[in-house]
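Quick note: numbers below take in every heavy atom, side chains included, and nothing from hydrogens, waters or symmetry partners. What you see is a predicted model, and the numbers here were worked out from it, not measured in a lab.
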Amino acid sequence: MKEKQDNVIQFKSRRTGVIAKVVILVFVIGLVLLFTSFHIESIEVTGNKHYSKEQIKDFVLSNGYIDNTILLMLKNKIHSPKDIPFIAKLDIEYVNPHKINVTVYEKAMAGCVEYMNQYVYFDQDGYVLEISLTKLTDTPCITGMNFSSMELHEKLPIEDKKRFKLILKLTQLIGKYNLTIDSIRFTSEDEVVLYYEDVRVELGDGSKIDEQLVDLKQMLEGLKGKKGTLNLKDFDPADKKASFKLDMGTSSKNDKKEEDDQNTTENDTQSTSESTESSSVVE
């Protein structure tokens, strides 16, 4: 009886040993396949705006890069790339054994202010997202303001609550109406001025910016190539008319061609006339 029990124990021991060897073999084969069959050959980038696709690829490759689709995806789940200016998150997804997809989530910047030769970018709630030496061309920068300090992830230190609300509302409307504004300036008289290429847009005290900005994109398109001042201080949304004054001695590219066919006297007359004429912009 004892001999049978010994045989049983010996049989179980042999079976356990076989299973262990099979598990180890499968594990080794899995590792070999993992490190030899999943090399990254293609990186697809989506969601990028401020950075080019090549720049995003460089961020991925330089941040503890692993030349393996599965391992890089797992690494990103545990520790995604951080401290990249203007980017909140990079999400890396497995597509196939040789391709990954990088989805870029950029910080939602509404505008920026100048501070100590740097650009401070903030969101639509006025919180500072980034402080950088880089000026983004697609983000309006506000000038004519002074700050004693600036903290990342804190609200803009603007003591004048009325101006703070005006700045937030202004940047929100610029985004809402998809306006391309180069810069925003607060004058010494506390009036708001927008700049787009060679056009200066005067908004007054900013109390009517809802009505003033709703048709501004169409107005600016009609003034393409011209240099002067668009006065919206007394803009009436009912008739949608606004005055535009050409800078003295300047003309648009289209006007220049016409002026070349006229004599000097006619040029001077036309320039003076256009400088005082009110232009209508209809929606």
Side-chain angles (χ1 to χ4, degrees), residues 49-50 106-115 119-130 135-147 150 154-247 276-283:
K49 182 179 180 182
H50 298 302
E106 297 187 347
K107 295 177 179 178
M109 290 171 289
C112 76
V113 294
E114 294 183 6
Y115 171 70
Y119 298 99
V120 179
Y121 295 89
F122 58 91
D123 63 14
Q124 291 190 346
D125 295 318
Y127 284 93
V128 177
L129 297 176
E130 197 76 44
K135 172 65 177 72
L136 300 178
T137 58
D138 58 352
T139 303
C141 191
I142 301 171
T143 60
M145 301 182 64
N146 296 316
F147 302 94
M150 195 71 67
E154 297 292 332
K155 279 194 173 184
L156 290 173
I158 301 176
E159 296 181 0
D160 188 337
K161 301 301 180 184
K162 183 178 179 180
R163 174 171 289 193
F164 182 75
K165 290 182 179 179
L166 177 58
I167 289 174
L168 295 185
K169 187 174 184 180
L170 188 59
T171 53
Q172 288 169 4
L173 289 174
I174 288 175
K176 177 180 179 180
Y177 298 124
N178 196 26
L179 294 169
T180 302
I181 301 298
D182 298 325
S183 64
I184 304 168
R185 181 169 182 79
F186 283 87
T187 68
S188 57
E189 292 80 20
D190 284 334
E191 292 190 337
V192 184
V193 179
L194 309 183
Y195 293 89
Y196 168 71
E197 295 184 353
D198 292 325
V199 177
R200 170 189 170 100
V201 184
E202 296 182 347
L203 301 180
D205 60 6
S207 59
K208 301 184 293 182
I209 57 174
D210 292 273
E211 296 86 358
Q212 291 168 325
L213 297 190
V214 67
D215 295 309
L216 182 57
K217 184 175 183 178
Q218 184 179 354
M219 293 181 188
L220 293 176
E221 289 175 352
L223 296 173
K224 192 74 174 179
K226 294 183 179 294
K227 183 177 181 179
T229 300
L230 178 63
N231 190 338
L232 296 180
K233 293 181 181 181
D234 300 319
F235 176 71
D236 185 357
D239 58 21
K240 300 184 182 295
K241 292 182 180 181
S243 63
F244 177 75
K245 183 178 180 180
L246 278 173
D247 284 355
T276 57
E277 181 183 4
S278 294
S279 303
S280 299
V281 182
V282 183
E283 184 180 5

[X] [atom1] to [Y] [atom2] distance, which is reported to the nearest 0.5 Å:
X    : Y    : atom1 : atom2 : answer
E114 : C141 : CD    : SG    : 4.5 Å
Y177 : Q172 : OH    : CD    : 11.5 Å
M109 : L136 : CE    : CG    : 5.0 Å
Y121 : L156 : OH    : CG    : 13.5 Å
D138 : T180 : CG    : OG1   : 9.0 Å
L220 : E197 : CG    : CD    : 8.5 Å

What heavy-atom pair brings [X] and [Y] nearest, and what distance separates the two atoms?
X    : Y    : answer
Y119 : C112 : CD2-SG, 4.2 Å
G111 : T139 : CA-CG2, 3.4 Å
K226 : D198 : O-CB, 3.6 Å

Report yes if the side chains of [X] and [Y] come closer than 4.5 Å at any heavy-atom pair, otherwise no.
X    : Y    : value
E211 : D236 : no
Q212 : V201 : no
F186 : T143 : no
L166 : V192 : yes
K155 : F164 : yes
L232 : M219 : yes
K217 : N178 : yes
M145 : I158 : yes

Counting only heavy atoms not in [X] (residues, nucleotides, ligands), do more than 12 fall under 6.0 Å from its [atom1]?
X    : atom1 : answer
E221 : CD    : yes
K135 : NZ    : yes
Y115 : OH    : yes

Pair Y196, K224: side-chain N/O donor-acceptor within cut-off below 3.5 Å: yes
For the backbone of [Y] and the side chain of [X], can you confirm whether one donor and one acceptor N or O come within less than 3.5 Å of each other?
X    : Y    : answer
N231 : S243 : no
T171 : L168 : yes
E191 : E202 : no
K233 : G204 : no
D205 : S207 : yes

side-chain contact (heavy atoms from CB on, under 4.5 Å) between E154 and V128, intermediate numbers included: CA-CA 6 Å; E154 297 292 332; V128 177; 5.6 Å; no
Test side-chain contact (heavy atoms from CB on, under 4.5 Å) applied to L213 and L194, step by step: CA-CA 11 Å; L213 297 190; L194 309 183; 4.0 Å; yes
side-chain contact (heavy atoms from CB on, under 4.5 Å) partner of L216, the single match among I209, L179, L203: L179
Lys/Arg-Asp/Glu bridge criterion (N-O < 4.0 Å) met for K169, D210: yes
Presence of salt bridge, D247 and R200, under 4.0 angstrom: no
Criterion side-chain contact (heavy atoms from CB on, under 4.5 Å) on I184 and Y195, from CA distance to verdict: CA-CA 6 Å; I184 304 168; Y195 293 89; over 6 Å; no
Stepwise side-chain contact (heavy atoms from CB on, under 4.5 Å) check, F235 with K208: CA-CA 9 Å; F235 176 71; K208 301 184 293 182; 5.8 Å; no
